[in-house]
Amino acid sequence: MLHVDPIFAATSVAPATLAAGGEAVPPPFTVARVLTETRLDSWLALGLVLAAGLYLYGVYRLRLRGDRWPVVRTVCFLVPGLGGIAAVTVSGLGAYDTALLSVHMIQHMVLSMIAPIFLALGAPVTLALRTLPVRPRKRLLAIVHSRIARVYSFPLVAFAIFVVNPFALYFTGLYEITLRHEWAHELVHAHFIMTGCVFFWPLLGLDPLPGRWPYPARALLMLLSVPFHTVLGLTIMQSTTLLGGDWYPSLHLSWSDPWNDQVVAGGVLWAGGEFVSVTMLAVLVVQWIKQSEREARRLDRELDRQEARQRAAEASA
């Protein structure tokens, strides 16, 4: 049985516009449908609302006791972080993710690379540690510093997962399974988000995660990831087989050719991956420079204190 999003089933179609499984094929992809069609009936939409509510409640608790929380962190977490996830999953764009491979690849980029970066910049773990009561805070620290967290957040392990997963998904039968089964499709969305968070959070280093590398090592690891999406994108563009098996041809879309759409999808991974990776590398270099400046100022203050103590000792003598 083919899985087609609810807006497609609700669209009036003639009998000639039915896919192989008897389901209504999607109408032509337009910007208007991206902006107007919204799905709020998934567990992911509920999770986004819950995450936003908990984050805002934490910020509210801090302000009640007179503590400050950077506004830029709140904006990063809510708007491009959670908002980016919502834009590609519960909007009209998400309604086409099983009809167009190019739309799925846009989801891939946002869920695994763009949104996790801004979620990490929001520092939700730090916010939770500053607002939770003693017992929940100790439990959270125990989870963050557990053996499993140490293994998965270790940069080389996270890098391997980040690089291998897309190849394992797209060049095996797993991707076709996600197209034919809604539960597998939703699971892949969650998997993209988790993979991106595991990779980017230790690199950005705002939350107190274990196994944090120094900035030169982080920048080197990010540099090694730059050609990854180039290789993946070119492989998809030059592939002689369609991803997803016969799924896309079975939809019989008169307004989209599966082969051309696959080339566009590979280009999205290639160009988008390069842009995000290079931008992230620049962010790490800027953080590295700022840390070096802070360390230099700290050393200067320590030297000034030592000189002041030495002059005081000489004056008393």
Side-chain angles (χ1 to χ4, degrees), residues 29-31 34-35 44 76 79-121 158-171 175 178-179 185 188-201 203-204 218-219 221-239 242-244 248 256-286:
F29 180 79
T30 62
V31 176
V34 172
L35 298 177
L44 188 57
C76 285
V79 181
L82 297 181
I85 297 174
V88 297
T89 55
V90 301
S91 69
L93 189 68
Y96 282 85
D97 59 358
T98 57
L100 295 174
L101 180 62
S102 56
V103 170
H104 168 81
M105 289 305 176
I106 294 174
Q107 279 188 332
H108 179 153
M109 294 300 305
V110 174
L111 296 179
S112 66
M113 295 195 71
I114 298 176
I117 292 175
F118 289 100
L119 292 178
L121 291 175
F159 177 77
I161 296 174
F162 185 76
V163 170
V164 172
N165 275 349
F167 286 96
L169 173 64
Y170 296 125
F171 299 105
Y175 182 61
T178 67
L179 293 173
H185 191 69
V188 166
H189 287 168
H191 181 70
F192 280 155
I193 298 171
M194 293 176 62
T195 301
C197 289
V198 167
F199 178 65
F200 286 108
W201 282 22
L203 294 181
L204 289 169
R218 298 185 211 177
L221 190 64
M222 198 66 228
L223 182 63
L224 293 176
S225 71
V226 170
F228 155 63
H229 280 95
T230 301
V231 174
L232 180 60
L234 288 176
T235 302
I236 292 175
M237 293 174 69
Q238 298 174 359
S239 177
L242 285 175
L243 301 188
Y248 294 110
S256 176
D257 177 63
W259 291 101
N260 292 335
D261 187 58
Q262 181 160 303
V263 173
V264 174
V268 169
L269 276 180
W270 181 7
E274 290 289 320
F275 175 78
V276 175
S277 297
V278 172
T279 303
M280 181 64 187
L281 181 60
V283 170
L284 287 175
V285 171
V286 170

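Residue numbers start at 1 and run along the sequence shown.
- Shortest non-hydrogen contact noted between Gly233 and Leu269 is CA-CB, 4.1 Å.
- In this structure, Asn165 CG and Thr195 OG1 are separated by 4.5 Å, a value rounded to the nearest 0.5 Å.
- For the pair Met105 and Ile236, the minimum side-chain heavy-atom distance is below 4.5 Å.
- The NE2 atom of His189 sits 11.0 Å away from the NE2 atom of His108 when rounded to the nearest 0.5 Å.
- Counting only heavy atoms from C-beta outward, the side chains of Val198 and Phe162 never approach each other to under 4.5 Å.
- Here His104 and Tyr175 bring their ring centres to under 6.0 angstrom of each other.
- Between the OG atom of Ser112 and the CE atom of Met194 there is a distance of 13.5 Å, given to the nearest 0.5 Å.
- What you find for Cys197 and Pro116 is that their closest heavy atoms are N-CB, 3.6 Å.
- Between Thr98 and His185, the closest heavy-atom pair is CG2-CE1, 3.7 Å.
- Inter-residue side-chain proximity for Met280 and Phe275 is flagged as unmet; no heavy-atom pair is nearer than 4.5 Å.
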>> Leu100 vs Ser256, test: side chain to side chain contact (heavy atoms under 4.5 Å, CB included). Steps then yes/no.
In response: CA-CA 8 Å; Leu100 295 174; Ser256 176; 3.3 Å; yes
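- Contact record, Ser239 with Gln262: CB-NE2, 3.7 Å, taken as the closest heavy-atom pair.
- Atom-to-atom distance recorded for Thr235:OG1 and Tyr170:OH is 13.0 Å, nearest 0.5 angstrom.
- In this structure the side chain of Phe171 never reaches within 4.5 angstrom of the side chain of Pro166, judged on heavy atoms.
- Using a 4.5 Å heavy-atom cutoff, the side chains of Trp270 and Met237 are in contact.
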> Which is it for Leu93 and Phe29 under the side chain to side chain contact (heavy atoms under 4.5 Å, CB included) test, yes or no, and what are the steps along the way?
Replying inline: CA-CA 9 Å; Leu93 189 68; Phe29 180 79; 3.8 Å; yes
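- Looking at heavy atoms from C-beta onward, Phe200 lies in side-chain contact with Met113 at the 4.5 angstrom threshold.
- Of all heavy-atom pairs spanning Pro258 and Tyr248, the tightest one is CB-CB, 4.0 Å.
- With a 4.5 Å cut-off on side-chain heavy atoms, Phe167 and Phe228 count as touching.
- For the atom pair OG1 of Thr89 and CG of Asp97, the computed distance is 9.0 Å after rounding to the nearest 0.5 Å.
- In this structure, CH2 on Trp201 lies 6.5 Å from CG on Leu119, to the nearest 0.5 angstrom.
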> When you look at Gln107 and Phe192, which way does the side chain to side chain contact (heavy atoms under 4.5 Å, CB included) test go after all the steps?
Replying inline: CA-CA 9 Å; Gln107 279 188 332; Phe192 280 155; 5.9 Å; no
>> Applying side chain to side chain contact (heavy atoms under 4.5 Å, CB included) to Ile85 and Val90, what does each step give before you reach the verdict?
In response: CA-CA 8 Å; Ile85 297 174; Val90 301; over 6 Å; no
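- At distances below 3.5 Å, not a single donor-acceptor pair connects side-chain atoms of Trp259 with backbone N or O atoms of Leu242.
- The closest side-chain heavy-atom distance from Leu82 to Phe118 is not below 4.5 Å.
- Contact record, Ala265 with Leu101: CB-CG, 3.6 Å, taken as the closest heavy-atom pair.
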